[in-house]
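Below: one structure, written as C-alpha cells.
In the text below, chain A, chain B and the rest are named by the order of the sequence lines, each starting its count at 1. Being a predicted model, the structure only gives us computed values, none of them experimental.
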Protein chains: 2
Amino acid sequence: MRIGELSERSGLSRDAIRFYERIGLVGSHRSPNGYRDFPESALPWLHYVRTAQRLGFSLAEIADHAADLRDSDDAAAALSALFAEKVAIVDARMAELAALRSELVERAGTGCPLRPDAPGTARAVADSPPKPVLPLR
Amino acid sequence: MRIGELSERSGLSRDAIRFYERIGLVGSHRSPNGYRDFPESALPWLHYVRTAQRLGFSLAEIADHAADLRDSDDAAAALSALFAEKVAIVDARMAELAALRSELVERAGTGCPLRPDAPGTARAVADSPPKPVLPLR
DNA sequence: GTAAACCGTGGAGTGCGCTCCAAGTTCAAG
DNA sequence: CTTGAACTTGGAGCGCACTCCACGGTTTAC
C-alpha cells in the first residue's frame, strides 16, 4: 500500500506517516520506483499508535516499546510484559481521573472554592490583555 | 507570598510561575519594590492547574475556563457548568482508557497481533540507526 | 559594608509532534 | 505527448510549555 492510501485509511497525514517512519515508528519497503510500500499490518499498527498516543504515551515511548519487542528473544513474553505494564499505567491514569472527577463533583456542589486570585481583590490579570496572551487553539 | 516561596510550596519552577502569569493563568500584585506578591489562594489554584493539565487540558483551555468564570454574571452557575463539562470529558477519557485496557488485555492473551511491520521481512527501520532517531526522554 | 540570596526583565533555546513548502520523479489517463 | 496526480527529499516553521541565561536591582545575614 502506498502512502496516500495508508494516509486516507488511517486518517493520518502523509507528512505524519513519513515522520513516523523517520523516527522508526512504522516500517516500509520501497518499491523499485522509490515509493514507500506499506504492509496491511501498518494500518492496525498506526491505529494502535494513535490510541496509545491519545492516552498519553509519547511517540518515543511507543517506539521504544516496539523496539523492545523486536529485540526480545521471547516476543510473546515481552509482549505480555509490555501489555501488563501499559494496563497498569492505564489503571493508574484512570484512578487519577476518578479522583479529579470526584474532586470536581464535590466542588461543583460547594459554592466556589476555585479561583486564580484572592476574592474581591483587583486582579492584575484583568489589567493585562483581557484574553490570554498566547493564541488559543 | 513571593515567587520563591510559591515555587517551593507548589513544586513549580519560578520560570513556570512567571510563564503562567504572562499567559494569565495566575494573578499577582506587585510589591512597591516590583516583586510579585501572590495571595495564599494561588497555591490551591496552581494545584488545580497542574491536575487539570496532567489530565490532558492545555494551559490555554484552563485559562479560558478561568476567564469564563471571571466574566460570568452568575459565577456559581458558570462554575457548576464548567465542572459538569469537565466531568463529562473525564468520563469520556476514562471510557477510552477502559477500552484500551481491555484491548490490551485481550491482545496480551492472544499471541502477537501487534507489529510495526510485516512478519519476517527485512525492516527498513533496522537499516537506519538501531535506536529511535529522536532522543528518548 | 559586603556577600549571598532573591527578585526583575528580555530574549534565546529546547523537545515534541507535527505541518508546509520547494524542487524534482514517476505514473496513469486522455 | 502532455497533463496532472501522487510520490520523493530536504529543510524551514510552528504551537505548546516550558527552561536557561545574562544583566541588573533589592533584601537579608553576618
Q) Are A:Arg36 and A:Glu5 ion-paired here, with the side-chain N under 4.0 Å from a carboxylate O? A) no
Q: Name the residue closer to the 5' end of DNA chain C, choosing between A:Asn33 and A:Ser13 according to the nucleotide with the nearest heavy atom.
A: A:Ser13
**Q.** Distance in Å, B:Phe57 CZ paired with B:Tyr48 OH, rounded so as to fall on 0.5 Å steps
**A.** 7.0 Å
Q | SB check B:Glu40 B:Arg9 (cutoff 4.0 Å) | A | yes
**Q.** Spacing of B:Glu21 atom CD relative to C:dG10 atom P, expressed in whole Å
**A.** 12 Å
Q | Any donor-acceptor N/O pair under 3.5 Å between D:dG25 base and B:Tyr35 side chain | A | yes
**Q.** Residue A:Arg30, side-chain heavy atoms: nucleotide from D:dT9, C:dC18, D:dC18 that is nearest
**A.** D:dT9
(Q) Using OP1 and OP2 only, check whether a side-chain N or O of B:Gln53 sits under 4.0 Å from D:dC16. (A) no
Q: Between A:Ala16 and B:Arg36, just flag the one whose closest nucleotide in DNA chain C comes earlier from the 5' side.
A: B:Arg36
**Q.** Co-membership, hydrophobic cluster, residues B:Phe38 and B:Tyr35, 4.5 Å side-chain
**A.** no
Q) Distance check: side-chain N/O of B:Arg22 vs OP1/OP2 of C:dG11, anything under 4.0 Å? A) no
Q. Atom CG of B:Asp37 and atom CD1 of B:Ile3: how far apart are they, to the nearest 0.5 Å?
A. 11.5 Å
Q. Checking all strands, does A:Arg54 fall into the base, sugar-phosphate, or nothing category for heavy-atom contacts under 4.0 angstrom?
A. nothing
Q) Considering heavy-atom distances to DNA chain D, does B:Arg18 or B:Arg2 have its closest nucleotide positioned more toward the 5' end? A) B:Arg18
Q. A:Glu61 has an atom CD; how far is it from atom P of C:dG17, in whole Å?
A. 9 Å
Q: Can you tell me the distance, in whole Å, between the CG atom of A:Asp64 and the C1' atom of C:dC16?
A: 15 Å
**Q.** Rounded distance (Å) that lies between atom P of C:dG10 and atom CG of B:Asp15
**A.** 14 Å
Q: Provide, to the nearest angstrom, the distance between the CD1 atom belonging to A:Ile3 and the P atom belonging to D:dA6.
A: 13 Å
Q | Spacing of B:Leu12 atom CG relative to D:dC18 atom P, expressed in whole Å | A | 8 Å
Q | Rounded distance (Å) that lies between atom C1' of D:dC16 and atom CZ of B:Arg50 | A | 13 Å
Q: Return the value, rounded to whole Å, for the distance between atom CZ of B:Phe19 and atom P of D:dC16.
A: 9 Å
